[in-house]
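Here's the structure we're looking at; comments come further down.
Each chain gets a letter, A, B and so on, in the order the sequences are listed, and its residues count up from 1. Fair warning: this is a prediction, and the values are worked out from it, not measured in the lab.
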Number of protein chains: 2
Amino acid sequence: MGHSRHEKADSHRRIVKVAARKMRESGTEGPGVAEIMKAAGLTHGGFYKHFDSRDDLVAEAVEAATAEGLEGFEEATEGAADPLAAFVDRYLSPGHRDDPGSGCAVVALGADAARADDRVRAVYRAQVERYIAELEELMGGGADVRRRAIAAVTSMVGALLVARAVDDADLSDEILGEVRASLRSPASRRRAARPSRSR
Amino acid sequence: MGHSRHEKADSHRRIVKVAARKMRESGTEGPGVAEIMKAAGLTHGGFYKHFDSRDDLVAEAVEAATAEGLEGFEEATEGAADPLAAFVDRYLSPGHRDDPGSGCAVVALGADAARADDRVRAVYRAQVERYIAELEELMGGGADVRRRAIAAVTSMVGALLVARAVDDADLSDEILGEVRASLRSPASRRRAARPSRSR
DNA sequence: ATTATCTATAGATCTATAGATAATGC
DNA sequence: ATTATCTATAGATCTATAGATAATGC
C-alpha cells in the first residue's frame, strides 16, 4: 500500500498509461476498471480516488495516447535524408501494424471517437490537425499541399486500419507496401522542396 | 406471437438486419441482445432459438452488413458517364458519413474485425478484396492499377473514419472534399481507359 | 403434436460506493 | 491527523437458460 502524495501521482500516471495502451488495443470500452487497475499493480477499489468516473479516465487516456502517438513519428523523421519517406515508412511498418497499443490513436480509436463525449472528440480532432500540419511540412509546400497532406493522412490511416483487420498476412503486407509506394510516387510529392522544411 | 416456419425465417432475417445496422453504428459489442430483439419487434428470450450464441449473430450480421455495403456503390456507378467519379463521390458523400448504419462495413467495423473471431475476419477480408477488385475495374487497368486501387480504397476508408470522428463540420467536409478531389487527379487515373471496363 | 415466442430468472460481469487498514507527514 | 490503497459489496446490465403460452400444421 503506497501512501505519499508522490506515490499517488505516480499511480495516477501509471493507470493512465496502462489505459492508453489497453484502450488502443481493445477500444475505449474494452478494458474494465478492475483489469486496468490490476495491470497498474493496484486493486479496483482505489480507482475512484483518482477519477470521478470511468469516462474521466477515457478522456485522460485518449489524450495520453495521442500525445505519445505523434512523438514516435516525429523522432523517425529527425535527421533522415528523406523525412517524408521516413515518416511514411515508419507509420506503415509491420511493427506499427502489429503493436496498436503503442501506436497511432487516430486509427486505433477512430470508431470510438465518433461516439465518444466532447472531451475525447476535441482531443481527437486536434490530433488529426497535427497530423495534417506535420505532413504539409514534410511535403515542403507547393501546389495543393493541404490536399496532398490530407490525402496522405487518410490513406495511411485507412491502410493501417485495414492491414490490421484482414486475416491474410500477404494481403496485409501488400496493402502496407503499396500505400508506402504510392506515397512516394511523383504525384503525392509534386513540387516538394525536400531539403528545406519551409513553406 | 408469430408461429409458422415462414414467420420464423422472417424474424431471423429481421434480427440480422437490425443487428447489421446497430453494429455498424455502435460496434459489434455495442448493442445487447435485448436491445436488438426489441428493435426487431421481439422479446429477448426467443433469441437463442435463432442463434447458438451472440457471436453467431455477430458473424451473420457482419456478413449481411458487407453484402449490403457494396450493393449501394455498384448501383451508383451503373450508367454513370464517369463510373469511378460516381463511386468515389458516393462513398465520400456527407450522406454516407452521416449514416454509418447503412454504409460501408470496412470502415464501420474495421477496429472490431481486427479483434473478432475467424468467421468475421474471413468475411471482412473478402469484402476488402471485393473493394480492391471493384476499384481496379473502375480504374480501367493500366500501369500500377492494383497499387492505385489499393491506395484509393485505403484513402476512402481512412477519410470516412476520420470525417466521422472529428467534431468540426468544416474540417470533416474538407477531408471528404479533398480526398474526392485527390482521387480525380491525373495521378490516380493515369492511363485509365474510362469508357471500357476491360483491362 | 409441434414449435415460435414470451415471461422469469440464474449467474457472470461491470461501475461505483462504503468502511477498514496502514502508511505518510505535521 | 490525514490519506492512498485495500476488502467487500450494492445495484445495474448482460448473456444464456427454463418453463409457460399460444399459435401452426399434420
A/Asp170 side chain vs A/Asp173 backbone, donor-acceptor pair below 3.5 Å: no

Donor-acceptor check, side chain of B/Asp168 to backbone of B/Leu171, threshold 3.5 angstrom: yes or no? yes

Please give, in whole Å, the distance from [N] [atom2] to [X] [atom1]?
| X | N | atom1 | atom2 | answer |
| --- | --- | --- | --- | --- |
| B/Glu7 | D/dG25 | CD | C1' | 13 Å |
| B/His44 | D/dC14 | NE2 | P | 11 Å |
| A/Lys8 | C/dA23 | NZ | C1' | 15 Å |
| A/Phe47 | D/dA8 | CZ | P | 21 Å |
| B/Asp52 | D/dT15 | CG | P | 16 Å |
| B/Ile36 | D/dT13 | CD1 | P | 17 Å |
| B/Leu42 | C/dA4 | CG | P | 13 Å |
| A/Lys49 | C/dA16 | NZ | P | 14 Å |

Could you check A/Glu7 against A/Arg14 for salt bridge (charged side-chain N to carboxylate O under 4.0 Å, His left out), going step by step and ending with a plain yes or no? CA-CA 10 Å; A/Glu7 279 172 299; A/Arg14 220 165 50 244; over 6 Å; no

Report yes if at least one side-chain N or O of A/His50 is closer than 4.0 Å to OP1 or OP2 of D/dT5; otherwise report no. yes

Looking only at side-chain N and O atoms, does B/Tyr48 come under 4.0 Å of OP1 or OP2 in D/dT17? no

What is the nucleic acid contact for A/Gly32, judged by heavy atoms within less than 4.0 Å: base, sugar-phosphate only, or nothing? sugar-phosphate

Side chain of [X] only, please: which of [options] is the nearest?
| X | options | value |
| --- | --- | --- |
| A/Thr43 | C/dA16, D/dT7, D/dT15 | D/dT7 |
| A/Val33 | C/dA16, C/dT15, D/dT15 | C/dT15 |
| A/Ser4 | C/dG25, D/dT17, C/dC6 | C/dG25 |

Dot-bracket for DNA chain C, please, read 5' to 3', with Watson-Crick or G-U wobble pairs under 3.5 Å on both distances, ( ) within the strand, [ ] crossing, | other strand, . unpaired. ||||||||||||||||||||||||..

Take the angle between the ring planes of B/Tyr131 and B/Tyr91 and call it parallel below 30°, perpendicular above 60°, tilted in between. perpendicular

Name of the residue among A/Arg115, A/Arg119, A/Arg125 meeting salt bridge (Lys or Arg N to Asp or Glu O under 4.0 Å) with B/Asp167: A/Arg125

Does the pair A/Asp118/A/Arg121 count as a salt bridge with the N-to-O cut at 4.0 Å? no

Test: B/Asp99 and B/Arg21 ion pair at under 4.0 Å: yes

Relative to the 5' end of DNA chain C, which residue comes earlier, A/Arg54 or B/Gly46, by the nucleotide with the nearest heavy atom? B/Gly46

